[in-house]
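The structure displayed is predicted, hence computed values, not measured ones. Chain identifiers are assigned alphabetically (A, B, ...) following the order of the sequence lines, protein sequences preceding nucleic acid strands; residue numbering begins at 1 within each chain.
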Protein chains: 2
Amino acid sequence: MTSADVARESGVSRSTVSFVLNDAPNQTISPATREKVLAAAERLGYTPNGPAQALSRGRGSTVLLCLPDFPASATVDELVTEMDRVLAAHDLLLVTHRAGPDRQPALALAAAVAPVAVAGLLPFDGDQVAAFRARGARAVLPGPADPPPPRDDAGRTVGVAQAGHLAGRGHVRIGYVHPADSRLVSMSERRLAGVDQTALSLGLAGVSVRRMPADGDFTPVLRGWLAEDAPTAVAAFNDEVAMAVLQAAWASDVVVPVDLAVIGADDIPAARYTCPALTTIRSSGKPFGAMLAHWVLQRLGTGGAARPTADEPPVWTPDIVIRASS
Amino acid sequence: MTSADVARESGVSRSTVSFVLNDAPNQTISPATREKVLAAAERLGYTPNGPAQALSRGRGSTVLLCLPDFPASATVDELVTEMDRVLAAHDLLLVTHRAGPDRQPALALAAAVAPVAVAGLLPFDGDQVAAFRARGARAVLPGPADPPPPRDDAGRTVGVAQAGHLAGRGHVRIGYVHPADSRLVSMSERRLAGVDQTALSLGLAGVSVRRMPADGDFTPVLRGWLAEDAPTAVAAFNDEVAMAVLQAAWASDVVVPVDLAVIGADDIPAARYTCPALTTIRSSGKPFGAMLAHWVLQRLGTGGAARPTADEPPVWTPDIVIRASS
DNA sequence: CTGAAAGCGCTTACAG
DNA sequence: CTGAAAGCGCTTACAG
């Protein structure tokens, strides 16, 4: 099933078929011909071959998004969905690749699909950019020279929101708990920075920091912590860490939120079901997805395209979900 | 940067370049020429254009996996990672597509990348199969005539494991809780079938069933349930539902596991941090990913390929993770 | 208003 | 052992 079949079926040339199917500008096709071609294509169930189109146009229609090896999360799903949505409005299709120990490297995928652009959540270094370019990408971002994506800022913002809430509840000795998973440390550092900065600007005590032990049992750490720095409220890196704190408190007869307030981050589905229900920070992946898409479009020069998109501006505003734990 | 550049640089024809780069069988290239070409390709940083290769070979090198619109989960990640891994051993690259309200339909992606095969977790109907085929896929599975993937069985198996554990603890009145999310009902029905069947075969009472209310508060339901059917143990559809049950018990002064035993499913990261820690069923996505990959390969006739893969046979064995809730 | 022709980057019989 | 040529399915100047 090729365009030649459609041409034959409708009694015109392949050029004409291509013209009508692509609504070629500067090309005036008679309504009759147009109809014939459309009907034939319909009847034959013809669909143009994407790779062939890309080859001949010298420009693919896919964008590759490289995701880090983070645990599955609704936030990333939202990001991807939104990026897909705004890209689709510009006839660009999103292909995602999640890094991972056993996963094929993104470069192989890039070679196979020849995306017109590749985007990532973490900045690419010079070699990576060059490699993607060698595989046909016209835009690779963020590159080493680019401003980092607003993710850093987003991380900080989460910490700011956590500390702000806790301080608002009257707490002055705030603690922070890092996750055990080393893949998450850089993100956790950013969140901590937000907590730290807020505590500082509010004139609170310096924030005391602990890390989740690898075995997942925070109980001994919590006991020592309470004895030493005696935080009255803890901001956890994320909801899982917050749950570990909740569990340690439960095991130690420390009553939340009376003896200890805790706040998580991410608002995972489980957060509403903890005992007590977890107060947390919810940050949608949507604005970030929109931002990445717009960045790609701009870099591709499709920014001021004919078709205007009524997308909300990509602003990053974490929401606080107040439940019972603080 | 094309193969013509490499040919020019190394002073041979494009055919020769193609032969050495592809290790063409039935083709004897002198070691000297071979070296020259390889060196030139290396020097130029040449990478073949995937779509062009696909076009000329008449066979793409990607496989499209269509994922349903389920919440993000580690199990699906494992499935994808494993499928990617075994496919990669056959020079096939995996491209995943998650369905969703705002996502581009999978057909558009299929048209753009022209995958040689498309696989799904849920069976495709006749129209879908035809549409994918029209976009170049040589294999689309599972189709309407195919045996359903062992997912159904997997679902049942989870229920069997849940009920088996509960019965082993001496419970005779077992309850089951469906999730509120309607996208999950068919999966939940399968798990319930496993519970039901096991209870039946063990001569226990029929299992009493409830569903999570949309507002997420299981407390009123639990109270009524305890008054009516008085189950002593409940198997929840998944860990989130189990947590809701735990929370309802906590709110009702029902002590778990003494007054009520609960078991979840999936072993999400949060499961170890509930109070008490949740007993659950863990089923890796790995065997299912391997199975799908093998199915694709077999359908593609690559099954008995030269390169043997030392993959474990795709067997589906859920593990029970015993913690404190039952 | 429409068609013949070249070209996108590759592979692969077919000659030599 | 190596090269000239055709072809994969499309698009797009260029003629008419």
> With a non-hydrogen cut-off below 4.0 angstrom, is Ser18(B) in contact with a base, only sugar-phosphate, or nothing?
Replying inline: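 Touches a base.
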Is the side chain of [X] donor-acceptor paired with the backbone N or O of [Y] at a distance under 3.5 Å, no angle test?
X: Arg183(B); Y: Asp69(B); result: yes
X: Thr16(A); Y: Val12(A); result: no
X: His97(A); Y: Leu107(A); result: no
X: Asn22(A); Y: Phe19(A); result: no
X: Arg43(B); Y: Leu38(B); result: no

>> Reading DNA chain D from 5' onward, which residue's closest nucleotide shows up sooner: Leu55(B) or Pro31(B)?
In response: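 Going by which nucleotide is closer to the 5' end, it is Pro31(B).
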Would you say [X] reaches [N]'s phosphate, i.e. side-chain N/O to OP1/OP2 under 4.0 Å?
X: Thr16(A); N: dT2(C); result: no
X: Thr33(A); N: dT2(C); result: yes
X: Asn22(B); N: dT11(C); result: yes

Taking the side chain as every heavy atom from C-beta outward, state whether [X] and [Y] have any pair of such atoms under 4.5 Å apart.
X: Leu65(A); Y: Val95(A); value: no
X: Leu93(B); Y: Val63(B); value: no
X: Val86(A); Y: Leu297(A); value: yes

>> Give me the stems containing DNA chain C, sorted by first residue, counting only three or more consecutive Watson-Crick or G-U pairs with both distances under 3.5 Å; say none if there aren't any.
In response: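 Runs of three or more consecutive pairs: C:1-3 with D:14-16, C:5-12 with D:5-12, C:14-16 with D:1-3.
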Provide, to the nearest angstrom, the distance between the [atom1] atom belonging to [X] and the [atom2] atom belonging to [N].
X: Arg59(A); N: dG9(C); atom1: CZ; atom2: P; value: 16 Å
X: Met1(B); N: dG9(C); atom1: CE; atom2: C1'; value: 12 Å
X: Glu35(B); N: dC1(D); atom1: CD; atom2: P; value: 15 Å
X: Arg138(B); N: dC8(D); atom1: CZ; atom2: C1'; value: 12 Å
X: Asp23(A); N: dT11(D); atom1: CG; atom2: C1'; value: 15 Å
X: Leu21(B); N: dC10(C); atom1: CG; atom2: P; value: 9 Å
X: Asn49(A); N: dC8(D); atom1: CG; atom2: P; value: 12 Å
X: Arg8(A); N: dG3(C); atom1: CZ; atom2: C1'; value: 16 Å

>> Heavy atoms from C-beta onward define the side chain here; which of dC10(C), dG3(D), dT11(D) lies closest to that of Gln53(A)?
In response: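 Selected nucleotide (nearest to the side chain): dT11(D).
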> Among dT11(D), dG9(C), dT11(C), which is the nearest nucleotide to the side chain of Arg57(B)?
Replying inline: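 Comparing dT11(D), dG9(C), dT11(C) against the side chain of Arg57(B), the answer is dT11(C).
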>> Can you tell me how far apart CZ (Arg103(A)) and CD (Glu82(B)) are? Round to the nearest 0.5 Å.
In response: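 If I round to the nearest 0.5 Å, the distance is 11.0 Å.
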Check nucleotides 4-7 of chain C against the protein and report each pair of N or O atoms closer than 3.5 Å, with its distance, or say if there are none.
{"unit_1": "dA4(C)", "atom_1": "N6", "unit_2": "Ser15(A)", "atom_2": "OG", "d": "2.4"}

> If you measure only the distance, is there a donor-acceptor pair under 3.5 Å linking the side chains of Ser15(A) and Ser18(A)?
Replying inline: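 Side-chain D/A pair, Ser15(A) to Ser18(A): absent.
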